[in-house]
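Report on the following structure.
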2 protein chains.
Amino acid sequence: MSATILVVEDEPGIQEVLKFNLGQHGHDVIVAGDAEEALTLLRGALPDLILLDWMLPGMTGIDFARRVRADARQKNIPIIMLTARSDERDKVQGLDTGADDYITKPFSPRELMSRIKAVLRRRAPQMTEDTVEIDGLKLDPLSHRVHGKIEDKSTALDLGPTEFRLLHFLMTHPERVYSRSQLLDQVWGDHVFVEERTVDVHIRRLRSALEVTGHDRLIQTVRGSGYRLSAIQG
Amino acid sequence: MSATILVVEDEPGIQEVLKFNLGQHGHDVIVAGDAEEALTLLRGALPDLILLDWMLPGMTGIDFARRVRADARQKNIPIIMLTARSDERDKVQGLDTGADDYITKPFSPRELMSRIKAVLRRRAPQMTEDTVEIDGLKLDPLSHRVHGKIEDKSTALDLGPTEFRLLHFLMTHPERVYSRSQLLDQVWGDHVFVEERTVDVHIRRLRSALEVTGHDRLIQTVRGSGYRLSAIQG
DNA sequence: CTCCAACGTCACGAAACCGTCATGAATCCG
DNA sequence: CGGATTCATGACGGTTTCGTGACGTTGGAG
């Protein structure tokens, strides 16, 4: 699995290390020395992954990540952030802003490659940035909106961020049961430590929101296994 | 998902904490106070995971990990290392040596369990789950569904978890008689103790559920021996 | 700063599921 | 033709799993 990776990093030394290691694994590498340069490069190319140093001259990693997430085209590019300290606050803030994983410096090449592979693999099955539609329920990842029909009238549904990601994942992977643990990995991320029952609560909130258009029955409970999204009842 | 875990840790206090928490989650725990003892124990047992304190009396964690990795039998046992908070150098070296994850002390039990689960899941063999079809009866492990045809219309059948596993096993091993004891081993698991007659009851419940599409005749009783799933009558 | 939306966790009740037993039917054997 | 063995079936607590409402926290918006 080879990919195009944008590295945003100001230290030339680390730049070289990353370029070498990523190249070894068959990835194409684009390097930007600061956030401005990175944004410029992003106008010309769409990488499959962004490796982002959290401490940058000028614009910080957080601001950069926000800018990237704000652009519809780039919204779904996974971001791995490189943090110097094991500062928990940075990590949390980074993950909130939309980073997919973090890695603390100094890091081993093995760990880095492992995380890159994990992130790419996780994103792989849901490449679609197109709108998904199941049983009249439309989800548009670009506009971050969900519409359902109620008596032939399109109605917007109100979802929280987590419910949206949960629904998005389920709609791009229908007709299949996912355990709570799998959903946590896919929707929350490997690095988040939450109770499995939290999934129940969000499923409930999601169902509750979908009730408006009667689409709550799309999400089915498979006792002892997990949840499934399916237009077919049973 | 329960597993056998080898804990290599010299502090009795932490030993106890780990033993308790791991036990709570259904894992079997083997404890070694130092690397020598751990290596000795490894000759007798193959755990599913090693929890390794990086600071040990005598042989260090790095040396121990290297020894484990050198042995072909133990090569693939995942290792999670416990490191003191600040020591970044150890972390890098550890991951290079082949540790699969690290966790910094002090750690919360929840984070520890989460990482253990992640590592075990990563190692778990992904069994190929294909749909099985016999005599028009379709079972799909992915969607966790069973469909039968009734007058050319596909009809979903409602099964409980145990009935589903039972049917799944029988459909993947048709045309063969299984004793109650064998079915208990295969479907319930070899560690569970339940009455053999319990199988009868679940066979009955399964048949009852299959009645909807007339597939109850698929499961046949072989007096004195057990049960068999077969499309051929007799 | 205050307010609010979103989230994670918990506790409680409901429902589903499971294992066991009692009883009666079916089958086998002398 | 009984008697004994094996199996089917229905019923009944006990347990597990899930749904649901409530609560405390947190980060961001106003």
Side-chain angles (χ1 to χ4, degrees), chain A residues 62-63 65-66 69-70 87-99 144 146 157-167 177-181 183-184 187-189 191-211 216-217 219-228 234, chain B residues 25-26 108-111 113-114 144 157-167 177-181 183-184 187-189 191-211 216-217 219-228 234:
Chain A
I62 293 183
D63 292 329
R66 216 170 260 144
R69 288 285 182 250
D87 190 337
E88 289 292 335
R89 272 198 33 254
D90 273 3
K91 278 182 203 169
V92 173
Q93 197 168 8
L95 290 170
D96 271 351
T97 310
H144 210 269
V146 181
L157 297 177
D158 189 33
L159 301 182
T162 305
E163 281 113 60
F164 185 86
R165 288 205 311 280
L166 179 56
L167 180 60
V177 176
Y178 288 93
S179 68
R180 289 166 176 76
S181 166
L183 289 175
L184 282 179
V187 179
W188 276 255
H191 36 61
V192 180
F193 312 113
V194 284
E195 293 292 324
E196 293 205 339
R197 291 293 254 101
T198 300
V199 176
D200 296 36
V201 179
H202 280 273
I203 287 280
R204 144 119 177 39
R205 287 169 180 160
L206 182 51
R207 275 174 174 158
S208 178
L210 293 177
E211 245 173 21
D216 53 309
R217 63 206 169 79
I219 299 173
Q220 296 148 12
T221 305
V222 180
R223 188 163 258 262
S225 297
Y227 296 95
R228 169 186 58 205
Chain B
H25 285 73
S108 74
R110 175 173 303 160
E111 180 176 10
M113 296 317 300
S114 176
H144 208 274
L157 297 178
D158 190 32
L159 303 182
T162 305
E163 285 130 57
F164 187 87
R165 289 203 312 278
L166 179 56
L167 180 60
V177 179
Y178 288 93
S179 70
R180 289 167 178 76
S181 164
L183 288 175
L184 281 179
V187 179
W188 274 255
H191 52 285
V192 205
F193 180 75
V194 284
E195 293 292 325
E196 293 205 341
R197 289 264 154 249
T198 301
V199 176
D200 296 35
V201 179
H202 280 274
I203 287 281
R204 137 105 180 42
R205 287 169 180 159
L206 182 52
R207 276 174 174 158
S208 176
L210 293 178
E211 249 172 19
D216 53 310
R217 62 205 167 78
I219 299 174
Q220 296 146 13
T221 305
V222 181
R223 181 168 255 262
S225 299
Y227 297 94
R228 169 186 57 203

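Naming: A, B, ... by sequence-line order, numbering from 1 per chain. As the structure is a computational prediction, the values presented were derived from the model and not from experiment.
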Worksheet item: How would you list, by chain and number, every residue that makes a side-chain hydrogen bond (donor to acceptor under 3.5 Å, both in side chains) with Ser225(A), sequence neighbours excluded?
Response: His144(B)

Discussion item. Output the rounded distance in Å from CD (Gln220(B)) to P (dC7(D)).
Written reply: 15 Å

Worksheet item: In whole angstroms, how far is the P atom of dC18(C) from the CZ atom of Phe164(B)?
Response: 13 Å

Discussion item. Under the rule for side-chain hydrogen bond (donor to acceptor under 3.5 Å, both in side chains), what residues qualify as partners of His202(A), not counting sequence neighbours?
Written reply: Glu163(A)

Fill in: By side-chain contact (heavy atoms from CB on, under 4.5 Å) - contacts of Val201(A) (at least two apart)
Arg205(A)

Practice prompt. Take atom CD1 of Ile219(A) and atom P of dT20(D), then tell me their distance rounded to the nearest Å.
Written response: 12 Å

Discussion item. Are Val192(B) and Leu184(B) packed together at the side-chain level, in the sense that at least one heavy-atom pair is separated by less than 4.5 angstrom?
Written reply: no

Worksheet item: Whole-Å distance between dC17(C) C1' and Glu163(B) CD?
Response: 8 Å

Worksheet item: Do the side-chain N or O atoms of Arg180(B) get closer than 4.0 angstrom to the phosphate oxygens (OP1, OP2) of dC7(D)?
Response: yes

Practice prompt. State which residues pass salt bridge (charged side-chain N to carboxylate O under 4.0 Å, His left out) with Asp200(B); sequence neighbours excluded, sorted by chain then number.
Written response: Arg180(B), Arg197(B)

Discussion item. Strictly below 4.0 Å: does Arg207(B) bring a side-chain N or O up to OP1 or OP2 of dT9(D)?
Written reply: no

Discussion item. If you compare every side-chain N and O of Tyr227(A) against the phosphate oxygens of dT17(D) (OP1, OP2), does one of them come in below 4.0 Å?
Written reply: no

Worksheet item: By side-chain hydrogen bond (donor to acceptor under 3.5 Å, both in side chains), which residues pair with Arg207(B), not counting sequence neighbours?
Response: Thr221(B)

Item to complete: Let me know the distance between CG of Asp158(B) and P of dA15(C), rounded to the nearest Å.
Response: 16 Å

Worksheet item: How would you list, by chain and number, every residue that makes a salt bridge (charged side-chain N to carboxylate O under 4.0 Å, His left out) with Arg217(A), sequence neighbours excluded?
Response: Asp135(A)

Worksheet item: dA8(D) phosphate, OP1 or OP2: any side-chain N/O from Thr221(B) under 4.0 angstrom?
Response: yes

Enumerate all atom pairs, one protein N or O and one N or O from nucleotides 27-30 of chain C, separated by less than 3.5 Å.
none

Discussion item. Donor-acceptor check, side chain of Arg228(A) to backbone of Gln220(A), threshold 3.5 angstrom: yes or no?
Written reply: no

Worksheet entry | Between C1' of dT17(D) and NE2 of His144(B), the distance in whole Å | 14 Å

Fill in: salt bridge (charged side-chain N to carboxylate O under 4.0 Å, His left out) partners of Glu196(A), counting only residues at least two apart
Lys117(B)

Fill in: Side-chain N or O of Thr162(A) closer than 4.0 Å to phosphate OP1/OP2 of dA6(C)
no

Item to complete: Enumerate the residues from residues 196-206 of chain B whose closest heavy atom to DNA chain C is under 4.0 Å, giving them by residue number; use none for an empty result.
Response: Thr198(B), Val201(B), His202(B), Arg205(B)

Fill in: Under-4.0 Å side-chain N/O to phosphate OP1/OP2 contact, Trp188(A) with dG8(C)
yes

